[in-house]
Amino acid sequence: MKNLLIILLAAQSLSSVGQNIFPLKVGSCNTEMFCMDCGDIGAGYDIEGFLNLQNKVNNSLNLRNVKGAVKFQVLVDSSGRGCVLSHTDRSNSEITLKIIKELNKFKKWTPAITNNKKEVRSAIIVVFTLGDNRVSASIERIDRKALMKSFDRPLDPVIYNTHYTYENKNLDKYKMTVWNSANSDLPNNMSNYMTIDKDELIWLTVDGSLVTFDGKNFKNTEQNITEKGKYFGYSALATDNNNVKWIYAKNAIYSYDNVKWRKYDSSEIGITRALKIINNSATGEVFSVPAKG
């Protein structure tokens with residue numbers, strides 16, 4: 001697969017290592033790992049507390065004759081704190097900056113819950129509508145099925161920087177191919193981790209599944225390490241100096257030496273959730289980054 005530029009997926013997973021929904025990135029959030037409006041119970045806010053937030057914005061700004069709406073992508077963590085990741089206001093108006101400040105200060109968010117466990121971070125969309133000399137807000141839920149289906153029909157990217165011309169002199173040396181679930185046997189268009197081993201085999205976490213790709217075919221490779229019918233939700237993946245694959249799933253870390261899988265249970269390693277697995281090629285050591293909460 002030399003000189004092959006591989007574009008596998010149209011988007012990152014709904015359990016993502018960092019994805020801005022909107023074009024204006026705020027840049028002050030911890031985006032190590034979060035899911036997109038996930039959970040049996042989605043993230044939200046204390047209603048009375050949020051009404052107080054809206055009143056504070058209304059009382060502090062002159063909203064006369066101001067109309068429109070701004071959408072904010074807010075990360076809500078397991079402790080009930082929020083952080084604005086991105087928004088839609090290209091002008092970065094005084095109103096938007098004030099709302100961002102209040103959203104980041106707000107401490108009465110309610111975290112997303114899956115299987116009675118709080119999600120570490122969940123991204124939600126909060127829409128602020130301006131009209132009648134005041135501002136009001138509500139949560140806009142993400143239609144996950146529609147979002148996933150849209151990735152089968154990727155659109156050309158929108159280029160906002162019109163003052164810079166990027167020239168890649170090596171681009172003509174690559175053959176560019178796009179694979180997705182519509183034109184291949186890729187099981188899903190959602191992925192958040194990838195590693196290439198020493199045999200040039202590509203390993204992918206694909207929306208909860210583990211898949212390999214040899215340049216022609218995708219193959220599901222998780223059947224030997226998961227309980228049949230059980231959803232794992234992989235969230236880390238790496239290859240070490242000895243070509244051993246390491247991956248985190250369901251309160252355990254697994255390794256694969258190309259012969260068999262080995263499980264390192266949380267009671268053994270002391271980590272209940274790993275956000276990232278890193279190979280130090282200089283020393284041959286493998287590190288795992290635990291999650292907080």
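All values reported here derive from a predicted model rather than from experimental measurement.
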Heavy-atom check, side chain of Phe218 versus side chain of Ser184, under 4.5 Å: yes
So, do Tyr264 and Trp246 have ring centers that fall under 6.0 Å from each other? yes
Would you sort out whether Asn55 and Arg134 count as a side-chain contact (heavy atoms from CB on, under 4.5 Å), showing the intermediate values? CA-CA 9 Å; Asn55 290 333; Arg134 62 179 293 103; 4.1 Å; yes
Can you hop from Leu85 to Ile124 via hydrophobic side chains spaced under 4.5 Å? no
Rounded to the nearest 0.5 angstrom, the CG-CG distance for Leu130 and Asn133 is 10.5 Å
Measure the shortest side-chain to side-chain distance between Ile247 and Trp261 over non-hydrogen atoms and say whether it is less than 4.5 angstrom. yes
Once rounded to the nearest 0.5 Å, what's the spacing between atom CG of Leu237 and atom OH of Tyr248? 14.5 Å
Working to the nearest 0.5 Å, report the span between CZ of Arg262 and OH of Tyr256. 16.0 Å
Working to the nearest 0.5 angstrom, can you tell me the gap between Lys101 NZ and Lys56 NZ? 9.5 Å
Just so I know, are the side chains of Asp89 and Phe72 near enough to count as touching, which here means a heavy-atom distance under 4.5 Å? no
Just checking Glu268: does its CD atom have more than 12 heavy atoms from other residues, nucleotides or ligands closer to it than 6.0 angstrom? yes
Run the numbers on Phe128 and Leu103 for side-chain contact (heavy atoms from CB on, under 4.5 Å), then give the verdict. CA-CA 11 Å; Phe128 277 77; Leu103 288 175; 4.0 Å; yes
Do the non-hydrogen side-chain atoms of Ser78 and Glu119 ever get within less than 4.5 Å of each other? no
Which atoms form the tightest heavy-atom contact between Asn241 and Gly284, and what is the distance? ND2-CA, 3.4 Å
Taking the side chain as every heavy atom from C-beta outward, state whether Ile196 and Leu201 have any atom pair closer than 4.5 Å. no
Can Val127 be reached from Leu24 by stepping across I, L, V, M, F, W or Y side chains whose heavy atoms are under 4.5 Å apart? no
Quick one, Glu102 with Ile100, criterion side-chain contact (heavy atoms from CB on, under 4.5 Å). Give me CA distance, side-chain angles, the key distance, then yes/no. CA-CA 5 Å; Glu102 294 301 329; Ile100 291 174; over 6 Å; no
Decide if atom CG of Asn116 counts as having more than 12 heavy atoms of other residues, nucleotides or ligands within a radius under 6.0 Å. no
So, do Val135 and Leu63 sit near enough that their side-chain heavy atoms are less than 4.5 Å apart? yes
Report whether Phe22 and Phe34 are members of the same hydrophobic cluster (ILVMFWY, side-chain heavy atoms less than 4.5 Å apart, transitive linking). yes
Can you tell me how far the OG atom of Ser122 sits from the CE atom of Met36, to the nearest 0.5 Å? 9.0 Å
Is there a donor-acceptor contact under 3.5 Å linking the side chains of Asp185 and Asn217? no
Roughly how far, to the nearest 0.5 Å, is the NZ atom of Lys263 from the OG atom of Ser255? 12.5 Å
Indicate the atoms forming the closest heavy-atom contact of Ile277 with Val286, along with that distance. CG2-CG1, 3.6 Å
Please confirm whether the backbone N or O of Val244 pairs with a side-chain atom of Asn242, one donor and one acceptor, at under 3.5 Å? no
When every non-hydrogen atom of Asn115 is compared with those of Asp40, the smallest separation belongs to N-OD2, 2.7 Å
What verdict does the side chain to side chain donor-acceptor pair (under 3.5 Å) test give for Lys245 and Asn258, after you've listed the backbone C-alpha separation in whole Å, the side-chain angles of each residue and the deciding distance to 0.1 Å? CA-CA 8 Å; Lys245 270 63 69 174; Asn258 299 307; 2.8 Å; yes
Under 3.5 Å: donor-acceptor pair, side chain of Ser93, backbone of Thr96: yes
Strictly below 4.0 Å, N to O, side chains only: are Lys98 and Glu94 in salt-bridge contact? no
Given side chains that start at C-beta, do those of Ile269 and Ile253 come closer than 4.5 Å, heavy atoms only? yes
Candidate list Thr212, Asp197, Thr239, test side chain to side chain donor-acceptor pair (under 3.5 Å), partner Trp203, passing option: Asp197
Please report the shortest heavy-atom distance between Ser136 and Gln54, naming the atom on each side. CA-OE1, 3.1 Å
In terms of ring plane angle, is the pair Tyr45 and Phe50 parallel, tilted or perpendicular, where the classes change at 30° and 60°? parallel
Taking a hydrophobic cluster as the set of Ile, Leu, Val, Met, Phe, Trp and Tyr residues connected by side-chain heavy atoms closer than 4.5 Å, whether directly or through intermediates, do Ile99 and Trp109 fall within one such cluster? yes
Taking a hydrophobic cluster as the set of Ile, Leu, Val, Met, Phe, Trp and Tyr residues connected by side-chain heavy atoms closer than 4.5 Å, whether directly or through intermediates, do Ile139 and Leu75 fall within one such cluster? no
Closest heavy-atom contact between Val26 and Val84? CB-O, 3.3 Å
Quick check against the 3.5 Å criterion: does Ser181 have a side-chain atom that pairs as donor or acceptor with the backbone of Pro187? no
Closest heavy-atom pair, Val76 versus Pro111, reported as atoms and distance to 0.1 Å, is CG1-CA, 4.1 Å
Side-chain heavy atoms of Ile202 within contact of Met194, under 4.5 Å: yes
From the options Ile125, Asn92, Ile21, Val74, select the one residue that forms a side chain to side chain contact (heavy atoms under 4.5 Å, CB included) with His87. Asn92
